[in-house]
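Let me begin by presenting the structure, written as structure tokens, before commenting on it.
None of the values given here were measured: they were computed from a predicted structure.
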Amino acid sequence: MSFAPRDSHEAQVQFALERGVPAMIGIMASRRLPYPARAFDMAHCSRCLIPWNKYDGIFLMEVDRILRPGGYWILSGPPINWKKHHNGWQRTTEDLKQEQDEIEDIAKRLCWKKVVERVDLAIWQKPTNHLNCIKIKARVFKVPPMCEDGNPDSAWYKNSKTCITPLPQVKNITDIAGGALEKWPQRLTSVPPRISSGSIPGITAKSFNQDTQLWKARVSYYGSMIGELHKGRYRNIMDMNAYLGGFAAAFVNDPVWVMNVVPSDAKHNTLGVIYERGLIGTYQNWCEAFSTYPRTYDLIHANEVISMYQNRCDITDILLEMDRILRPDGIVIFRDDVDALVKVKHIIDGMRWKSQLTNHESGPLHRQKLLIAVKQYWTGTQKEGTELGNS
């Protein structure tokens with residue numbers, strides 16, 4: 001996952017998405033990034049101009065929150081290798097040395113280990129558990145403290161904190177906090193540690209495996225209706241209500257990537273499970289705009305999204321947001337109650353989408369139906385007797 005601020009001069013996120021690379025608009029500020037704790041195996045910053053040494057190290061503490069146990073943080077660009085580049089950066093050696101010393105100090109306080117500094121990059125590693133870290137902090141580093149309250153996975157409109165997010169407890173120094181992960185591709189279908197440990201109420205290993213098989217069958221059914229689904233026509237895909245990531249997992253052999261969105265007010269916070277499967281995603285409230293540029297997704301999957309939000313906000317606004325982020329000739333697969341889909345069809349007909357309501361894969365007697373919609377390419381027509389440039 002790549003993220004960068006919105007920039008009208010160098011729209012890095014837009015360029016990445018147009019190349020078919022996962023990215024979204026984002027910024028490190030006073031709020032948490034929209035990802036769960038222990039999500040990423042590696043975080044990389046290349047001349048990202050984030051003041052890592054400022055504000056009591058709060059930005060590095062946020063990186064620490066989203067890094068998996070044993071994960072790596074890679075920094076390239078200022079102030080790394082300042083002795084060679086200080087003239088090009090137009091900064092004094094004293095200023096750059098102080099910045100690096102302060103970053104090194106914060107990393108030690110986070111109990112990170114510096115793995116290497118070579119040429120223009122430096123690499124640190126987060127500990128696999130906090131057994132030694134707690135002892136070191138008790139004797140040496142009192143600041144920052146361990147966070148004592150709150151859900152570390154909760155990240156939608158949550159403020160960042162100047163404290164260390166504690167890892168799940170372990171018994172032995174060699175244990176990996178939260179549980180070890182299988183190597184890819186076994187990681188995709190193995191029961192994630194968050195489920196096997198029982199940390200998500202109501203979701204078991206059995207229901208996880210059933211969900212994986214269910215979506216494998218459903219995506220196969222989608223392929224029977226959309227001939228180019230598995231042929232590279234659709235690269236950037238979004239699942240607006242991803243749950244356990246089963247929809248995305250069904251595309252493992254296809255040249256696609258899926259942005260798995262877990263609604264911020266969903267019954268279960270399952271985004272951590274999705275990352276443990278080796279997939280990517282983010283939190284989102286669909287009554288608000290999504291952090292991306294227009295025309296950046298080829299296919300959108302909306303499973304029961306309309307039913308979830310129809311009493312919370314105007315579904316027309318949700319459909320208009322889908323229209324904004326969908327490319328011309330892009331497809332939306334709606335899966336929902338028939339009454340909800342009838343309302344959707346009426347609205348998207350007015351948006352000049354072409355759509356077809358079809359039966360559930362189990363047959364016509366099921367109340368849940370599918371609505372396959374295609375965004376058409378069209379432009380406004382000039383009125384007779386008017387000239388371009390006149391209002």
Side-chain angles (χ1 to χ4, degrees), residues 1-29 31 33-35 156-157 226 228-229 232-242 247-248 251 255-264 280-303 305-306 308-309 312-334 344-355 371-382 388-389 391:
M1 172 78 78
S2 298
F3 77 89
R6 183 181 181 278
D7 190 329
S8 58
H9 301 290
E10 296 180 8
Q12 303 171 67
V13 171
Q14 188 174 26
F15 296 158
L17 288 163
E18 288 179 351
R19 295 180 66 186
V21 177
M24 62 185 295
I25 298 171
I27 188 170
M28 297 204 74
R31 286 179 175 157
L33 296 171
Y35 314 118
W156 187 250
Y157 284 104
I226 305 171
E228 296 182 315
L229 184 62
R233 166 66 178 81
Y234 308 102
R235 169 68 179 172
N236 301 357
I237 298 177
M238 174 184 287
D239 189 358
M240 295 177 68
N241 185 17
F247 171 81
F251 285 94
V256 306
W257 65 271
V258 179
M259 179 69 77
N260 292 281
V261 179
V262 173
S264 58
I280 61 171
T282 184
Y283 295 113
Q284 173 68 19
N285 181 334
W286 285 113
C287 292
E288 302 179 25
F290 188 78
S291 294
T292 192
Y293 287 86
R295 305 178 302 281
T296 47
Y297 284 89
D298 305 304
L299 186 149
I300 298 175
H301 182 243
N303 178 39
V305 172
I306 304 304
M308 178 183 294
Y309 283 95
R312 304 181 190 181
C313 52
D314 192 338
I315 63 171
T316 301
D317 293 336
I318 299 176
L319 296 171
L320 287 171
E321 175 63 4
M322 295 167 71
D323 181 80
R324 183 185 73 88
I325 67 178
L326 188 66
R327 289 198 176 101
D329 295 325
I331 284 186
V332 178
I333 304 173
F334 295 94
V344 169
K345 182 167 175 54
H346 175 73
I347 296 170
I348 63 177
D349 284 349
M351 293 161 54
R352 302 192 184 185
W353 287 15
K354 183 179 180 181
S355 63
L371 180 63
I372 312 298
V374 180
K375 176 180 175 178
Q376 302 296 294
Y377 180 83
W378 60 275
T379 58
T381 57
Q382 183 179 343
L388 294 177
S391 58

Side chain to side chain, [X] and [Y], heavy atoms closer than 4.5 Å:
X    : Y    : answer
K375 : D323 : yes
L319 : F334 : yes
R233 : D329 : yes
T292 : M259 : no
I348 : L371 : yes
I325 : I300 : yes
L299 : V256 : no
Y297 : M322 : no

Interatomic spacing from [atom1] in [X] to [atom2] in [Y] - rounded to 0.5 Å:
X    : Y    : atom1 : atom2 : result
T316 : I347 : OG1   : CD1   : 3.5 Å
L320 : D314 : CG    : CG    : 8.5 Å
M24  : F290 : CE    : CZ    : 4.5 Å
L33  : F3   : CG    : CZ    : 4.5 Å
M238 : Q284 : CE    : CD    : 7.5 Å
C287 : I318 : SG    : CD1   : 5.5 Å

According to the interplanar angle, ranging from 0 to 90°, do the rings of F247 and F251 count as parallel (below 30°), tilted (30 to 60°) or perpendicular (above 60°)? perpendicular
For a quick test of reading the model, state the closest non-hydrogen atom pair linking [X] to [Y] and the distance between them.
X    : Y    : result
W286 : V305 : CD1-CG1, 4.5 Å
P5   : I25  : C-CG2, 4.3 Å
Y377 : P328 : CD1-CB, 3.8 Å
S355 : K345 : OG-NZ, 2.8 Å

Test side-chain hydrogen bond (donor to acceptor under 3.5 Å, both in side chains) applied to H301 and N260, N241, D239, the passing residue: D239
With salt bridge (charged side-chain N to carboxylate O under 4.0 Å, His left out) as the test, would you mind laying out the steps for D298 and R235 before giving the verdict? CA-CA 6 Å; D298 305 304; R235 169 68 179 172; over 6 Å; no
